[in-house]
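What follows is a short report on a single structure.
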Amino acid sequence: MPCNKVPAPEFLRLDSGRRIAYREYGPVDGFPTFYFHGTGSNGGAPHLQTWGTELGLRFVAADRPGFGHSDFQSGRRITDIAHDTASLADHLGWKRFACVGVSGGGPYSLACAALLPESVVRTVCASGIGPPGSPPRGSPAARLS
């Protein structure tokens, strides 16, 4: 698939009835990797085809609830993504996988790592940002040390 093509979304209906849209990129036999898009975006990320091919990764990019083609989830929290990701992994037949989150998707990749430790083998949080209302930079709760 050329780098500039975005595949049509596929859909998974959860037990709750909510629908998750997702797209697959990279080689079918690549290492299973979930990609969490930035805020204001969706799983239509054509660069993942190139990255997946170059790195040997099979990316699945799901639209987070209320973004793209995925159904809205009232009152959702960042940690809710772990249930959605585990359901999608089961649907795909993935037992172990990596997570990559960029910008507003970073906290979602970290939530999966924290809540699905038996499944997540590696996690990347690139330029991750906190949710609205998180402690401002420099405040004691925001410091790493």
Side-chain angles (χ1 to χ4, degrees), residues 1-73 75-135 137 141-145:
M1 171 182 358
C3 171
N4 59 353
K5 289 286 209 173
V6 174
E10 298 178 56
F11 296 92
L12 170 65
R13 188 156 308 272
L14 301 171
D15 293 339
S16 67
R18 193 166 45 84
R19 191 175 69 151
I20 297 175
Y22 66 96
R23 294 174 178 85
E24 298 184 62
Y25 303 91
V28 175
D29 62 347
F31 190 83
T33 305
F34 284 105
Y35 175 82
F36 298 95
H37 61 81
T39 302
S41 186
N42 63 34
H47 59 281
L48 293 179
Q49 185 64 32
T50 302
W51 292 359
T53 300
E54 290 176 358
L55 300 171
L57 301 174
R58 180 61 169 183
F59 283 107
V60 166
D63 297 347
R64 291 198 311 268
F67 290 84
H69 299 281
S70 288
D71 293 341
F72 180 77
Q73 180 183 7
R76 77 177 169 95
R77 299 169 306 164
I78 289 174
T79 54
D80 294 337
I81 201 69
H83 175 267
D84 292 358
T85 301
S87 296
L88 189 50
D90 287 345
H91 173 73
L92 297 167
W94 292 2
K95 300 288 184 215
R96 296 177 56 80
F97 48 85
C99 293
V100 175
V102 175
S103 186
Y108 293 89
S109 67
L110 296 174
C112 286
L115 298 173
L116 303 171
E118 305 82 27
S119 300
V120 178
V121 297
R122 297 280 187 272
T123 303
V124 174
C125 176
S127 301
I129 61 170
S134 57
R137 183 174 182 201
R143 292 191 187 124
L144 296 177
S145 57

Distance (rounded to the nearest 0.5 Å) between [X] [atom1] and [Y] [atom2]:
X	Y	atom1	atom2	value
Leu92	Glu10	CG	CD	8.0 Å
Arg23	Asp63	CZ	CG	5.0 Å
Leu14	Ser87	CG	OG	5.0 Å
Ile20	Gln73	CD1	CD	8.5 Å
Phe67	Phe72	CZ	CZ	10.0 Å
Thr79	Leu110	OG1	CG	12.5 Å

For [X] and [Y], indicate whether the former's side chain and the latter's backbone hold a donor-acceptor pair under 3.5 Å.
X	Y	answer
His37	Arg64	yes
Tyr25	Gly52	no
Gln49	Gly26	yes
Arg96	Glu118	yes
Ser70	Ala21	yes
Thr33	Ala98	no

[X] and [Y]: which non-hydrogen atoms are nearest, and at how many Å?
X	Y	answer
His69	Arg19	O-NH2, 3.5 Å
Ser109	Thr123	O-CG2, 3.4 Å
Asp80	Gly75	OD2-O, 4.3 Å
Ala61	Leu48	CB-CD1, 3.9 Å
Ser103	Pro107	O-CD, 3.7 Å

Exercise. Quick one: list whatever passes side chain to side chain contact (heavy atoms under 4.5 Å, CB included) with Pro32, sequence neighbours left out.
Key: Trp94, Phe97
Quiz item: Partners of His91 by side chain to side chain contact (heavy atoms under 4.5 Å, CB included), sequence neighbours excluded?
Solution: Leu12, Tyr22, Leu88
Quiz item: When you look at CZ of Arg76, are more than 12 heavy atoms from neighbouring residues, nucleotides or ligands closer to it than 6.0 Å?
Solution: yes
Quiz item: Using 30° and 60° as the class limits, which term best fits the ring planes of Tyr35 and Trp51: parallel, tilted or perpendicular?
Solution: perpendicular
Quiz prompt | Stepwise side-chain contact (heavy atoms from CB on, under 4.5 Å) test for Cys112 and Ile81 | solution = CA-CA 7 Å; Cys112 286; Ile81 201 69; 3.9 Å; yes
Exercise. Evaluate the side-chain proximity of Arg58 to Val28: yes if any heavy-atom separation is below 4.5 Å, no if none is.
Key: yes
